[in-house]
Amino acid sequence: MSENVVHLHKPTDPPTSDTAPTVLTVVPDAPPTRPVPLWVRSGRAVKTAATHEKTRATVRAAARHSLYTFNGGRIVARRAWDGRTGSRYERMIRAAEAAGNLEAAEEWEERLQRFRAARHHRRMDLLHSPVEAAKGVAVGAGMSIGVLVALGVVMAINTGHVGDVITPLSATVDFIALLIRIVQVVWGPALTIGPFLALLALWSVGRKQHAAPAWALPANVRGSEGEPITPSIVVKALRDLGVPALARAIKEMGDAGASMLGPIRIAGCGVEVDVTLPSGVATNEVQNKRRKLAENLTRHEHEVFITIPEAARTVRLWIADSGALDEPIGPSPLVTDETLTANYKTGRAPWGQDLRGDAAELSVYQRHLLVTGLSNQGKTAALRALALWLALDRTVQFWIADLKGVGDWAPFDGIAKVLIEGPSDSHCIQATEMVEDAVEEMNRRIEAVRKDPSLVFPPLIVLVDEAQKAFMCPAKGEDGRPYGGAKATSRYFMAVREIHNQGRAVDVLMWQGTQDPTDQNLPKLVREGAHTRASLVVGTESQAEMALGAKAVNAGAAPHLLRQGLDKGTLVVASDGIAIPAGQSSITVRTHFIDDEPAAEIAARAKALRDGVATLRVIDRTEERDALADVAAVIGDAARMRTDEVLKRLHALDTAAYREWNNVRLKRLLEEHGEEPKKSHGVMVVRRDDVARALANRDADGSASATE
């Protein structure tokens with residue numbers, strides 16, 4: 001007899017045969033859970049009940065209303081004390097002395113003396129008042145009784161009853177008795193209810209003043225951002241700023257700390273107030289505490305701006321409504337108004353809005369422009385918005401080099417005479433040559449104006465976006481000079497410097513956009529040559545100084561305190577071409593963003609105003625010229641001409657072809673054809689006859705000479 005074997009454990013290698021025995025796995029029951037002790041459960045329940053939101057709200061409410069009553073009593077007592085004594089005047093005197101305002105201190109001291117004199121007079125009057133009061137009561141009572149008796153006599157004569165003589169007097173006595181009975185009835189409840197009414201009055205005073213700790217206040221008061229800015233809130237924020245001298249001065253001022261403040265004015269989406277600091281407190285001590293001051297005012301750091309007006313020891317606070325700066329400012333007038341036009345000389349570009357909510361309009365007339373900031377913060381958009389507006393003036397010419405090369409400036413194809421797009425070194429070289437061509441154009445205009453001062457030339461905007469690439473370009477020309485760099489040998493650097501020095505006189509203007517400024521990619525001489533300097537968010541205060549200048553930063557300009565990624569398109573601008581509040585050296589502008597599609601529509605309107613512009617995409621330097629024939633042409637009928645004058649005329653004839661020519665190159669050209677420059681009166685000259693013989697020799701040999 002066979003028996004089946006039942007295995008009580010799982011085999012390591014289960015059988016694969018169909019006749020494998022059945023395997024039964026026995027899983028033991030889980031051990032019983034130990035019961036939670038009563039004291040643990042009770043503690044958890046107590047903790048849950050104690051930390052429940054309803055419990056916390058109840059505790060806050062109880063503490064809040066109790067403190068309203070207690071602190072309300074303190075406020076009433078303080079007011080009563082101030083009304084009976086000269087403490088209010090003494091605080092005002094201390095406040096004026098702390099602020100260094102001696103005239104105000106003398107005025108308050110005079111008021112205190114008048115108050116004390118009047119109080120002394122009242123107290124002296126009290127010495128005689130009991131006798132006078134007794135006399136007054138006696139006279140009043142006698143007159144009242146006499147009047148009543150006289151009235152009774154009149155009634156008795158009228159009625160013929162002698163008893164009516166005392167009727168008015170009797171009625172008056174009855175009325176007085178009624179009043180006494182009413183007082184007797186009301187007195188008991190009044191004694192009971194009176195204290196509660198007094199406490200209610202104190203509670204009301206405390207509630208109106210929010211006289212309770214912040215943790216006990218209601219949620220809509222405790223955590224609300226955008227709380228209205230009042231003098232007491234500003235003074236408290238300054239007191240808690242962590243500047244010892246300021247805190248001591250405010251403490252000495254007592255409730256009169258608001259004497260430091262000017263009027264709080266509504267300014268756009270916020271308020272503005274001037275604060276005259278006490279003696280011993282420097283303005284930069286407040287500037288350096290911007291974040292703490294903002295948090296004391298229940299604002300974010302970017303919602304408080306501190307500038308230094310012209311008044312001594314004064315800081316100007318602009319405090320935004322909570323969240324207002326995160327709201328969009330709306331589309332550009334260029335997008336919404338198709339009838340909008342531009343005027344280079346008298347017009348102002350609708351660039352955006354300032355913090356007050358007013359339109360921020362920029363004049364570009366004869367002003368070089370520099371816009372800088374970190375990458376992807378709206379630099380190109382800010383530059384393009386200005387250029388799109390100016391393109392609506394058909395007289396303005398554009399030469400543009402976009403060294404990013406992603407199509408941001410594609411709408412200007414058909415508007416700009418030169419449009420270079422690309423990030424490579426070859427594009428940087430072309431951008432440099434474009435700026436050098438602008439220098440030659442500037443020199444040509446200057447020479448023409450020197451001969452005829454009445455000449456007026458069309459404005460030429462030379463715009464280089466991502467200019468840091470041109471400054472950092474490592475390539476060198478045939479003469480060994482580097483295209484980039486910040487030295488006197490740098491071609492791009494020197495070309496920009498020349499335009500900055502003289503370009504505005506003949507309306508040749510340099511606009512540059514660059515990112516993450518340093519001394520290497522934005523040399524000092526170049527950035528200080530711009531009349532309008534604007535900065536988006538930058539990383540450090542030193543970069544802010546590079547972008548705007550030390551004067552603007554010391555006066556409160558702080559692009560380094562803008563929020564990267566959140567304040568895109570927000571610029572701090574230092575320029576005389578934009579309206580800046582009196583006493584300030586910069587203004588913060590939130591620029592309009594014009595997307596690619598509306599930008600193309602605006603560009604189409606600009607093209608319709610023009611006769612048609614053939615945009616040069618690549619500057620071609622390979623065209624061959626007959627240099628010898630050009631030399632003969634520039635000499636003309638002159639028997640001889642100085643070599644430097646020949647070179648100057650060659651440059652004017654074709655700047656691109658003859659930019660790098662010098663005396664050595666000119667001498668080599670003539671020597672190739674059997675002639676050379678000679679001296680006349682100690683100066684190297686080129687003779688017309690020598691050039692004519694060189695042309696004849698070349699034609700005889702059947703050869704031609706060409707420039708590179």
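Numbering starts at 1 and runs along the sequence shown.
In this structure the side chain of R367 never reaches within 4.5 angstrom of the side chain of W511, judged on heavy atoms. At a threshold of 4.5 Å between non-hydrogen side-chain atoms, the residues M510 and V435 count as touching. Side-chain contact between W409 and L463: present, with at least one pair of heavy atoms (C-beta onward) separated by less than 4.5 Å. With contacts defined as side-chain heavy-atom distances shorter than 4.5 Å, the pair T570/T588 qualifies. Side-chain contact between Y492 and C473: absent, with no pair of heavy atoms (C-beta onward) separated by less than 4.5 Å. For the pair P459 and L390, the minimum side-chain heavy-atom distance is 4.5 Å or more. Within the 4.5 Å cutoff, the side chain of W389 has heavy atoms near those of the L334 side chain. The closest side-chain heavy-atom distance from V538 to H560 is below 4.5 Å.
In this structure, OG in S332 is found 12.5 Å from CG in D595, a value given to the nearest 0.5 Å. Atoms NZ and CG, on K568 and L562 in that order, are 14.0 Å from each other to the nearest 0.5 Å. To the nearest 0.5 angstrom, L525 atom CG is 7.0 Å from E528 atom CD. The distance from atom CG of L403 to atom NE2 of H427, rounded to the nearest 0.5 Å, is 8.5 Å. With rounding to the nearest 0.5 Å, the separation of CD in Q397 from OG1 in T395 is 8.5 Å. In this structure, the separation between CD1 on I580 and OG on S575 is 6.5 Å, given to the nearest 0.5 Å.
The nearest pair of heavy atoms linking F471 to Q512 is CE1-OE1, 3.7 Å. Here the closest heavy-atom approach between residue A552 and residue S585 is recorded as CA-OG, 3.3 Å. Here the closest heavy-atom approach between residue L628 and residue L670 is recorded as CD1-CD2, 3.9 Å. Contact detail for E272 and A267: the closest heavy-atom pair is CB-CB, 4.0 Å. Nearest heavy atoms, M546 versus T518: SD-CA, 3.6 Å. Here the shortest heavy-atom pairing between L571 and A382 reads CD1-CB, 3.9 Å.
The existence of a salt bridge linking E440 and R444 is excluded, since no basic side-chain nitrogen approaches an acidic carboxylate oxygen closer than 4.0 Å. Look at E447 and R450 and you find a salt bridge, because one of the NZ, NE, NH1 or NH2 atoms lies within 4.0 Å of a carboxylate O, short of that distance.
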L369 and L383: CA distance, side-chain angles, deciding distance, side-chain contact (heavy atoms from CB on, under 4.5 Å) verdict: CA-CA 9 Å; L369 174 67; L383 268 174; 3.7 Å; yes
Chi angles and distances behind the side-chain contact (heavy atoms from CB on, under 4.5 Å) call for M641, V686: CA-CA 5 Å; M641 184 175 291; V686 178; 5.6 Å; no
I635 vs R649, side-chain contact (heavy atoms from CB on, under 4.5 Å): CA-CA, chis, key distance, verdict: CA-CA 9 Å; I635 292 177; R649 294 192 178 190; over 6 Å; no
Full working for side-chain contact (heavy atoms from CB on, under 4.5 Å) between T341 and D393: CA-CA 7 Å; T341 59; D393 184 343; over 6 Å; no
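Screening residues 457-470 for salt bridge (charged side-chain N to carboxylate O under 4.0 Å, His left out) gives K379-D465, K379-E466, K404-E466 as the qualifying pairs, with residues at least two apart or on separate chains. Sorted by first and then second residue, the side chain to side chain donor-acceptor pair (under 3.5 Å) pairs with a member in residues 596-609 read R384-D596; sequence neighbours excluded.
Environment of CG in L609: crowded, with over 12 heavy atoms of neighbouring residues, nucleotides or ligands closer than 6.0 Å. Atom CZ of R642 is surrounded by 12 or fewer heavy atoms from other residues, nucleotides or ligands within 6.0 Å. Within a 6.0 Å radius of CZ in R610, other residues, nucleotides and ligands contribute more than 12 heavy atoms.
A distance-only check finds no donor-acceptor pair linking the side chain of Y344 to the backbone of R394 [under 3.5 Å]. Side-chain atoms of W399 do not come within 3.5 Å of backbone N or O of M434 as any donor-acceptor pair. Under a 3.5 Å cut-off, the side chain of D358 and the backbone N or O of D354 do not form any donor-acceptor pair. Judged by distance alone, with hydrogens and angles left aside, the side-chain atoms of R481 form a donor-acceptor pair with the main-chain N or O of T489 at under 3.5 Å. At least one donor-acceptor pair under 3.5 Å links the side chain of Q543 to the backbone N or O of P517. Between the side chain of H531 and the backbone N or O of G577, no donor-acceptor pair lies under 3.5 Å. Side-chain atoms of S490 come within 3.5 Å of backbone atoms of G484 as a donor-acceptor pair (strictly under, hydrogens ignored). With Q468 contributing its side chain and Q515 its backbone, the two residues share a donor-acceptor pair below 3.5 Å. Of the possible donor and acceptor atoms, none in the side chain of D425 sits under 3.5 Å from a partner among the backbone N and O of A475. R290 contributes a side-chain N or O that, together with a main-chain N or O of E301, makes up a donor-acceptor pair within less than 3.5 Å.
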Give the table of side-chain donor-acceptor pairs shorter than 3.5 Å for residues 370-378, with sequence neighbours excluded, one pair per line with atom names and distance.
| from | atom 1 | to | atom 2 | distance (Å) |
| --- | --- | --- | --- | --- |
| T372 | OG1 | T514 | O | 3.0 |
| Q377 | OE1 | G565 | N | 3.0 |
| Q377 | NE2 | S375 | O | 3.3 |

